[in-house]
Amino acid sequence: MKRDFLTMADTPKELIESLLERAGFMKQNIASGNKSLDILKGKSMVTLFYENSTRTRCSFEDAGKYLGAKVVGISPSGSSVKKGESLIDTAVTLDKMMTDVIVIRHSIAGAPAIIAKHTKASVVNGGDGMHAHPTQALLDMYTMRERFGQIKGLEVAIIGDVKHSRVAQSNIVGLSKMGAKVKVFAPNTLLPKGIENQPCKVCKNVEEAFKGSDVIMGLRIQLERQQKGLFPSIEEYNHFYGVSMERMAMANKGAIVMHPGPANRGIEVDCDVLDSEMCLKDEQVTNGVATRMALLEWVTGSRG
Ligand code: CP
C-alpha cells in the first residue's frame, strides 16, 4: 500500500486523532521495554536526509527498527548524490530496490512531493525547506494532548522565527485543525508574507503572546536560512522576544514551554526556562519515536 504523509494541510483531523491515539499504544510498548514489535516485519525503509538532523532522522530510524523493518540511512555525502545524481534518479533507484517507505528531508520546499510522484514507495516528509515538517507537528500535538488531555481549546503561542520555520507552518495548520487557538509573535521581519490569512492571531506585544497561553512554543532563530539584518542583534532579539521566567509568569497556571530543537540556548528561550520542569523539550523527543511508529504503521497500511 502506498500512502504519503507530506503536509498537515492535507491530513484530515480524523487521521491526526487516530495517529495520536495509536502513538499512545506505541509509547506504552517502548516504555515497557518492548522495542521488537513485528508490525513492519518484511518491510524496508530508507531515510534520505539532504539536510542535517539529529531528532527526526534518529527517531524515524529507531521507529522503523522497533517495528521490525529493515532500515537504511542515506546521507548525500556518502551516496551517489555527491556524484551529481538527481533527486528523482535517486528516488527511482531506491524504488527499484523495492523500498516500502522513503523518509526525506530536503532544503527545497516540495521535494518530498516530487519524490512521491516518482515512486511506488510511501513517502514521508521529514522537513522540506521553509514549507512543512508535519511529523514534528504530530509529536508536538501528542505532547500537548498527553499533558492537557485534549488539544481543543488550548491557547498556543508560537514565538520566534515564524518566517523560516516549517515547524511553525505545520503547527499553525495542524493545531487549528484540532481546535486550538494559535497565536504568533515575532518581529515583522520574521513573519511570513500572508500570515494574516493563516489560521492564527498575530500578537502585537509580549502581553498578548503570553497572557492566556497554555503552551509557549519557542522557535529556533534559523541563522543558516536568513539574510543578515532581520533583527539588530541576538541580544536585542532575546530582550524583546525571548521566553523568560518573568514572561512565563504571565501565562496560564500550568503552562508549558516547548521547543522543536535544536535550541539556541539563551536566545529564543532562556537557559533557566529550558532546564525547568515547565519545559517539555525532552518529552517531545521521546514522543517523536512513538508518533513516528504510529505514522509508519499507517503509511504502510500495516494496522490489522
Ligand atoms: N526538530 C527537528 O527537526 O530536529 P532535527 O533537525 O534534529 O531533526
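Start at 1 and go down the list; that is how both ligands and their atoms are numbered.
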For Lys152, the side chain to side chain contact (heavy atoms under 4.5 Å, CB included) test, sequence neighbours excluded, returns Gln150
Residues at least two apart in sequence or cross-chain that pass side chain to side chain contact (heavy atoms under 4.5 Å, CB included) with Lys35, listed by chain then number, are Ile30, Tyr66
Using 4.0 Å as the upper bound for N to carboxylate O, is an ion pair formed by Arg220 and Glu268?
no
Applying salt bridge (charged side-chain N to carboxylate O under 4.0 Å, His left out) to Arg57 and not counting sequence neighbours gives Glu61
Short N or O separations between ligand 1 and the protein, below 3.5 Å:
residue  : atom  : partner : partner atom : Å
ligand 1 : 1 (N) : Gln136  : OE1          : 3.0
ligand 1 : 1 (N) : Pro260  : O            : 2.9
ligand 1 : 1 (N) : Gly261  : O            : 3.2
ligand 1 : 3 (O) : Thr56   : OG1          : 3.0
ligand 1 : 3 (O) : Arg105  : NH2          : 2.9
ligand 1 : 3 (O) : His133  : NE2          : 2.9
ligand 1 : 6 (O) : Arg105  : NH1          : 2.9
ligand 1 : 7 (O) : Thr54   : N            : 2.9
ligand 1 : 7 (O) : Arg55   : N            : 2.9
ligand 1 : 7 (O) : Arg55   : NH1          : 2.8
ligand 1 : 8 (O) : Ser53   : OG           : 2.6
ligand 1 : 8 (O) : Thr56   : N            : 2.9
ligand 1 : 8 (O) : Thr56   : OG1          : 2.7
ligand 1 : 8 (O) : Arg105  : NH1          : 3.4
ligand 1 : 8 (O) : Arg105  : NH2          : 3.3

* Exercise: do Gln284 and Thr143 side chains pair donor with acceptor under 3.5 Å -> no
Quick check on Lys211: does its NZ atom have over 12 non-hydrogen neighbours (other residues, nucleotides or ligands) under 6.0 Å away?
no
